[in-house]
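Starting from 1, each residue takes its place in the sequence as its number.
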Amino acid sequence: MIRITNIKMPINYSWEDLEKKVIQTLKTSKHSIEEIKLFRRSVDARKKNDIHFNITADVKLKNANIKLPAKSKNISNISEYSYRIPKAGKNIGKTVVVGAGPAGLFAALILARSGLKPILIERGKAVEERIKDVEDFWKSRKLNTESNVQFGEGGAGTFSDGKLNTGTKDIRARQVLIEFANHGAPDEILYNAKPHIGTDKLRDTIKNIRNEIVNLGATVMFSSKLTGIKTKDDKVTAVEVKNGNKTFEIECDSVILAIGHSARDTFESIYKTGIPIEQKAFSVGARIEHLRKNIDKAQYGIMAGNKILGASSYKLNVHLKSGRGVYTFCMCPGGSVVAAASENNRLVTNGMSNFDRDEVNSNSALLVGITPKDFHSEHKLAGMYLQRKLEESAYVKGGENYNAPVQRVEDFLNNEKSSRFGEVLPTYRPGTEFCRMDDILPDYVCASMREALPILNHHLEGFAHNDALLTGVETRSSSPIRILRNDSMQSVKITGLYPCGEGAGYAGGIVSAAVDGIKCAEKIIEKTNE
């Protein structure tokens with residue numbers, strides 16, 4: 001296989017145009033090429049008068065002995081990617097996977113394909129029922145604390161942009177994209193530099209993954225909440241599960257704990273049990289909304305609105321003199337801000353986009369990094385308690401009815417309560433209430449956001465637009481704890497317990513969580529061959 005990098009193509013290129021470029025680059029003929037595949041495609045918008053695609057293509061030749069052009073840094077021989085799932089051995093025990101987010105789903109999928117039959121338990125509902133509960137909350141303010149934006153099949157990512165870009169260099173990340181595509185996600189996630197599925201297409205994709213897991217002989221149990229982990233001689237023996245009014249035990253010798261970053265009652269149970277955990281840094285702030293057309297214009301200039309380019313995204317960050325980092329996170333082009341509460345009388349927001357990203361506003365989280373020093377407590381769950389405090393404050397300031405606090409950026413910079421909306425109208429449901437973010441977020445967070453906004457505006461014109469809208473609060477960028485594990489990916493204290501994914505503090509997004517789930521599954525499969 002030959003890989004060609006840095007292929008510059010116009011936005012409206014055709015496949016025939018790309019084929020000609022490949023032939024020209026390799027100095028060969030069309031008849032010598034068996035197949036061309038896009039490996040990566042990114043938009044280069046650094047020069048607004050020359051916006052184009054930068055493409056990496058993989059080429060399979062009919063004759064492997066064809067000589068390549070000499071001394072070309074953009075041409076190389078590569079091996080075709082493949083991921084082989086290890087086969088389970090004879091030493092088969094029973095594995096319970098806790099949580100059906102990306103980490104849990106991919107762990108269960110790999111285990112099932114290896115020949116094992118895991119039991120996957122999820123405290124929330126199947127995605128079809130979960131959608132109804134979430135919509136009901138957004139319309140009528142009736143929160144189901146076990147079926148919401150945080151809990152249920154697919155995890156928190158189900159109601160997001162379905163963003164799949166990741167910083168991990170793990171080779172399993174490629175397999176995660178392949179699996180999503182094989183289960184119904186658009187093929188373009190395999191080559192777009194900033195792949196996304198969109199919440200609408202992600203829901204069916206997740207259901208298809210679940211169906212394969214079940215068809216392979218595994219068991220999936222919804223509305224089944226982990227309430228305890230049983231051990232003997234510091235080894236897992238069973239899990240205690242609550243389903244409705246029934247509590248029962250499932251005997252097992254391995255537990256993949258993929259509980260997600262919002263399973264606070266489970267965090268408390270883990271802490272009381274004595275399973276080693278530690279405080280972890282995370283970030284807090286608010287969602288910031290702009291008109292999509294303005295963000296597109298800032299990024300693409302006269303090319304804004306081009307259907308091929310679609311809605312534009314951004315990723316901004318600044319390191320302040322105070323030492324604080326301020327950055328945008330989970331950017332949702334052409335999307336909406338959503339009510340993401342999972343606990344009564346606490347309010348938290350998130351962002352969500354459909355695959356087409358065609359709504360009026362674009363939004364992202366505007367976050368300030370905080371560390372355990374900011375918790376002012378040695379308690380292992382101090383970060384979680386801080387999150388709760390901020391969410392309770394947002395709930396009260398919003399009117400104690402799940403209305404979200406909002407403030408225009410101009411008013412925020414002047415520390416004044418807004419009295420009107422400008423050109424940006426809120427997308428948050430069920431409703432909003434004008435508030436001062438300073439009455440909700442810590443002083444150091446608001447001060448950092450104020451200092452950062454003009455700087456970020458220099459990087460992206462219009463980011464600090466007067467009418468841009470802040471919606472609070474965003475507190476669940478990542479888990480506030482890390483459940484300690486060793487090189488075998490097991491708890492440093494409990495053999496057979498595999499802390500996994502975002503909730504355990506080892507991932508930061510859909511892909512990295514799924515990769516962590518795969519790695520935990522591999523370790524369990526290894527044990528069956530000992």
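Panel note: side chain Ser353, backbone Pro333; a donor-acceptor pair is recorded below 3.5 Å. Side chain of Asp161 to main chain of Cys332: no donor-acceptor pair is present (N/O by atom type, distance under 3.5 Å, no hydrogens or angles). Side-chain atoms of Tyr506 do not come within 3.5 Å of backbone N or O of Ala513 as any donor-acceptor pair. Without hydrogens or angle criteria, Asn165 side chain to Lys194 main chain gives no donor-acceptor distance under 3.5 Å.
Between Tyr402 and Phe137, the two ring planes are perpendicular [angle over 60°; tilted spans 30° to 60°]. Between Tyr271 and His379, the angle of the ring planes lies from 30° to 60°, which puts this pair in the tilted group.
With respect to Asp133 and Lys125, a salt bridge is recorded, a charged nitrogen being found less than 4.0 Å from a carboxylate O. With respect to the salt-bridge test (charged N to carboxylate O, under 4.0 angstrom), the residues Asp438 and Arg450 qualify. For Glu461 and Lys48, the salt-bridge test fails: no basic side-chain N is under 4.0 Å from an acidic carboxylate O. Of the charged side-chain nitrogens involved, none lies within less than 4.0 Å of a carboxylate oxygen, so that Asp136 and Lys142 do not count as a salt-bridged pair. Using a cutoff of 4.0 Å between basic side-chain nitrogens and carboxylate oxygens, Glu278 and Lys380 are not scored as salt-bridged. A salt bridge between Glu128 and Arg210 is present, with a side-chain N of the basic residue lying under 4.0 Å from a carboxylate O of the acidic one. Contact check on Asp374 versus Arg324 returns a salt bridge, with a Lys/Arg side-chain nitrogen under 4.0 Å from an Asp/Glu carboxylate oxygen. Arg130 has no carboxylate O lying under 4.0 Å from a charged side-chain N of Glu153, or vice versa, which leaves the two without a salt bridge.
The two residues Glu502 and Ser479 come nearest to each other via the heavy atoms O-CB, 3.1 Å. The two residues Pro499 and Leu484 have their closest heavy-atom pair at CG-O, 4.2 Å. Closest of all the heavy-atom pairs between Ile121 and Ser224 is CB-O, 3.9 Å. When all heavy atoms are compared, the tightest approach of Ile275 to Ser491 is CG2-OG, 4.1 Å. The two residues Gln407 and Met437 make their nearest non-hydrogen contact at OE1-N, 3.0 Å. Residues Thr227 and Ser269 share a closest heavy-atom pair of O-OG, 4.0 Å.
Between Ile256 and Val96, every side-chain heavy-atom pair lies at or beyond the 4.5 Å cut-off.
Figure legend: cation-pi geometry between Arg287 and Tyr428 absent, as NZ or CZ is not positioned both under 6.0 Å from the six-membered ring centre and within 45° of its axis. For Arg123 and Phe151, the positive end sits near the middle of the six-membered ring, less than 6.0 Å away and at most 45° from its axis.
Separation of the Phe434 and Phe421 ring centroids falls under the 6.0 Å cut-off.
Summarising the local packing, NZ of Lys132 is surrounded by 12 or fewer heavy atoms from other residues, nucleotides or ligands at distances under 6.0 Å. Other residues, nucleotides and ligands contribute only 12 or fewer heavy atoms inside 6.0 Å of the CG atom of Asp443.
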| query | Does the ring pair (Phe, Tyr, Trp, His ring centres under 6.0 Å) test come out yes or no for Phe375 and Phe282, once each step is laid out? | reply | CA-CA 11 Å; Phe375 303 163; Phe282 57 96; 5.7 Å; yes
| request: Decide yes or no on ring pair (Phe, Tyr, Trp, His ring centres under 6.0 Å) for Phe463 and His458, but give the supporting numbers first. | output: CA-CA 8 Å; Phe463 187 76; His458 178 73; over 10 Å; no
| request: Using the side chain to side chain donor-acceptor pair (under 3.5 Å) rule, take Glu289 and Ser362 through it: C-alpha gap first, then chi angles, then the decisive distance, then the call. | output: CA-CA 6 Å; Glu289 282 193 279; Ser362 290; over 6 Å; no
| field | Verdict with supporting geometry, Ser42 and Asn54, side chain to side chain donor-acceptor pair (under 3.5 Å) | value | CA-CA 5 Å; Ser42 61; Asn54 194 313; 5.1 Å; no
| said: Under the criterion side chain to side chain donor-acceptor pair (under 3.5 Å), I'd like the reasoning laid out for Asn466 against Arg408: C-alpha separation, chi angles, the key distance, then a yes or no. | reply: CA-CA 7 Å; Asn466 286 343; Arg408 291 172 60 248; 5.6 Å; no
| request: Test salt bridge (charged side-chain N to carboxylate O under 4.0 Å, His left out) on Arg292 and Asp358 and set out the steps. | output: CA-CA 9 Å; Arg292 187 191 77 203; Asp358 56 0; 5.6 Å; no
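Each of Gln387, His261, Glu391 was evaluated against Arg476; a single residue qualifies, Glu391, per the side chain to side chain donor-acceptor pair (under 3.5 Å) test.
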